[in-house]
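What follows is a set of notes on a single structure, which appears directly below.
Here is the naming used below: chain letters follow the sequence lines, and residue numbers restart at 1 for every chain.
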Amino acid sequence: MDDQLLVYVYNVGVGDCIYLRVPDRDENGEVRQRHIVVDCGTLQPNEDERLLKLAMTHIARLLPRDPATGRKRLDLLVVTHPHMDHIAGFGLESTARQWQRKQVDRLWLSALLDPDNDRARRAREQVRAGNLALQALLAADLHPALTVLARELFSLSQGQIADNARTLLEGGLIPPLYVDDATPPDRLQLFSEPGTAIHILAPSRDIDADYLGLAEDDPAEQFSEFNRGIRSAAGEAVDWSFPAGELTISQRDFRRLRQRMGSRAVLLAMAQNELINNSSIVFLLTWRGRRLLFTGDAECKFTRSGRFEAGKQNFSWNVMWARHRALLEEPLDFLKVGHHGSDNATPWIGDEPENEANQILDALAPPGDRRLYAIVSAARHASWPGNIPRRVLLETLGERVANPRLYDEAIHYQAHSGGNWPTGEAERAALFVPGDKSQPPRTDLERQRGKPVRYIRVSFGPRE
Amino acid sequence: MADSTDRRRLTLRTRKNLYESAHLLRRDSSRELGIFLDGLWAYVQDPRVAASDPERGIQPLEVKWEPGLRDGPVSARFAVLDYNADSGALVPPAKWDRRNARFTGPDGQPLDPSRCDTFQFHQVNVWAVAQSVLDMYEAPQALGRPIPWAFEGNRLILVPHAGYDENAYYDRHSKSLQFYYCGSPSSPLYTCLSHDIIAHEMGHAVLDGIRPLYYHFTSLETAAFHEAMADLTAIVAAILNTPLRRSVGAAGHGALNNDNAIALLAEEFGEQVMHTSSLRSARNQYTMAHFGPDATPHALSQVLTGAMFDILAGIADIHRREGESSPLQALWWAADRFRRLALQPLDFCPPVDIQFADYGRAVLKNFLLYEEHESSNGRAYLDLIQDVFHRRLICSHKRASCSADPRQCAVMPGHTPRMEIVHDINRIARSRAAAYYFLNDNRPQLHIPPEQDFEVVDLYDTIKYGAAAVRLPREVVVEYVWREEVPLEGERFGRLQGTRAELLCGGTLVLDGQGNVLAWENKPGAGGVYDVQAGRARRDALLAHIARQARYALQHEAPEAVVPGPWNPPVVANIEDGVLRLEIPPPLRNPLHITGGENHPWSDLPWTTSF
């Protein structure tokens, strides 16, 4: 087993927590194991903290102890992007303490977070604007449907746990290296063995230009500037709980008006959400002929034939295909399915054969090739039952992977998970992959001796 | 003539007395007596046009003084709230200077054209234009009565700087017209400064007030009619605007069959956002045959808008050919006639499920009753109207080509029934309950099925003027409605299968001061003994329409739960007690290019102002 590359994808609900053990042979033929952790998060930290703790405990068992410090050590921690489903473990008290006790040799964060990155200035402003918009939204007395949506968006990147996580990552462990696809290879050097390397495919070096387009065409930029002007015309700081200034209508009418207008802030928040996803670190690990892709929550564009357009708003997959096609054009051995199996993070769109997204997936996982091992780290939730994960996408992947599974998903969710699941046959069929259709292994459905697994493990030897 | 100094000397008591009598006074007398507010300015069209053509720049606008005017502005029917939903800010309102009867900035200075860049000027601009459009509709030359809103309450909220977006819309559920802004800080575009956009949104609000059941998305043509009337409102408001009409008339020597400011809607928006000369043009050659069942309401509306503009241009030509007055005077007469011809027929329209041909019949009916014989050109106008509708295929033949003689075309008004049981008209007009008794006694004549319980949804009296301000006969308008449930069975209804749709049925009956029937327009049901074939055709059309929308309609428990946003499909299915109602929520165009949601044929609309 020492010469096997191991991948553990932990069951953390809707989230990612991945451990890699990569054998690394030096020039003397000695093999050192490199220990890498990619993300440690869950979307619902209050409900799924236990799962993160179990994952951390297991990871700790796999890590070596540094003889000099006595601490459990890992070579590299990659935090793909600052959403709760990827960072909660650094903000929850129980798991953050475990991280603080570890020795982390290298920490990579997305270049979006680098405060000195001039090429992500507008992106950071949009993130800030989205945060403010959400705060305003939650402070207002809105319709319950909108409040639920706002809370979900808010919980992705804001609140105490997220704040704690950012504090830990940006100064509490070791100084991070902010990476993008132009980070010099010598700064990414981790392995001694020739041919073993981590290739950063995203985020793009030009975060503003590639994901937001040109400044003069960027409506969010105009939006931000414009609204700064509006606020200065209106007066001083805004009271988010209730706007300053006199109302010319009744409070009842104003509340109803704000309900109907409140979605504007949600738009900003959704844009911010999309931007953070697109700024995920995406990396390709090459090892002894094997190719393993870790995608964070990088998104894919399907409109306008899915092609990258310079100077326009683009999505991460489209930028990667335009800039790093040579690295992506060959079949993969492993894919961490993006964004928990949602349909905006894996390049595939069923009813547009000419769409570039399909070409990307065909390159990564050629139909009939069946060498790919894919894992989906997901859990269905009653709030977004149909989208995460997406049935038709999983069925498509199921036809291409080397490790397909047949699950009784509908039975699992009806019987075990409660929630407001549809009871109509047609609606269930729309959500759940039928029991006779293959899909990649899923952390929410994989079981061992009748119990949910703690992780799904894949191992690789060298490719002959 | 009293000057502004004299007006400021009017005491409050005098103003109130004048206000009480204002409805009896002609406009020039009202002006002389100081009934209109002082120092009220608004854009004739929009800032871009103002910059390029000072004659169509910022003009004084005449809005009557009211006793309850307040900071905002707030008046009896409108309340301006300058709330920005993006930033959460409330911009200070324009101040009401009671002593001088004018609106000022927060500093107490008048809001004259030199201050057109201030938000308080914008507030007054949007209020004044909205008020003038409402006055246009309530005037005797149009509907001749106060117009209710469709929502609970009587004040329409005007939000001049609602947030960043290339849009403006009417939203019944929040009782508001919301005007957004876009562009860049150095080159902003405020929709609250576009006369056409304000008038268009007011058109939606007014039509919703007088025909609230058109809000139910029962057919594509009903939704398209809403859009057409909104555009028509902008056209009528524009042609009645003296500086604009004079400018257009001078340029075209009184003719309108060119790309002029009346025909072009929202020029600044079109140029800056869509890089065209305007958002839409009323000059087009579309017929019903150009559009299929998947057309958008905006696209289809162009047929009716184009038809009505053809009629306006044709009337102008006829007046010019008369040669009895100058081209500009002829254009004024044409504008005056067109206002009556386009707006007064709304009272003859059915209460539900309007189709273009229904409006066409109403236009002709109104014309035949009041306009045909008061001019030597009556025959020419009649031929013009019939030819236009026929050419546009606005008739019961719909999209099939109509080869019938236009004078025999089905868009001619139908028969008016003779009531079996006569009631005193003054009793009928007294209350809906009294009107119900009358209608119930005449069910066979009105084709109301015996087993159907029906409701009188509206009842009103009008005082309208015809040509030369001649008072028209009293009209008592009664609208009645009943609903038939139609089960939605079959795969074609998708997730709506198993619910029931409502076939809205009913009619509009117009009586004169003696109780004679002037006009009658009905929408039959499918289950009765009257108009069975027509009723079944309506039912089948409704089912086909619902089946087309079923793929996209998102189910919600209540309209309030539908929050405008790009994640909503363009059609919402409200299901209550198993009964389905389709509704089009205000679309919020996505300026931040967020993708998501199922594809819909309407998802790539370049710009939508909607209700």
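- Residue B:D107 qualifies as enclosed at atom CG: its count of foreign heavy atoms under 6.0 Å is above 12.
- Contacts between B:V159 and chain A at a heavy-atom distance below 4.5 Å involve the side chain alone, from C-beta outward.
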### Task
Determine, step by step, whether A:I249 and B:R155 satisfy the side chain to side chain contact (heavy atoms under 4.5 Å, CB included) criterion, reporting the C-alpha distance in whole Å, the side-chain angles of both residues, the deciding distance to 0.1 Å, and the verdict.
CA-CA 9 Å; A:I249 60 177; B:R155 275 196 186 137; over 6 Å; no

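- Interface remark: B:E152 contributes side-chain atoms only to the contact with chain A (heavy atom separation under 4.5 Å).
- Side-chain atoms of B:L81 and A:L257, non-hydrogen and from C-beta on, do get closer than 4.5 Å to each other.
- When all heavy atoms of A:T248 and B:V80 are compared, the closest pair comes out as OG1-O, 2.6 Å.
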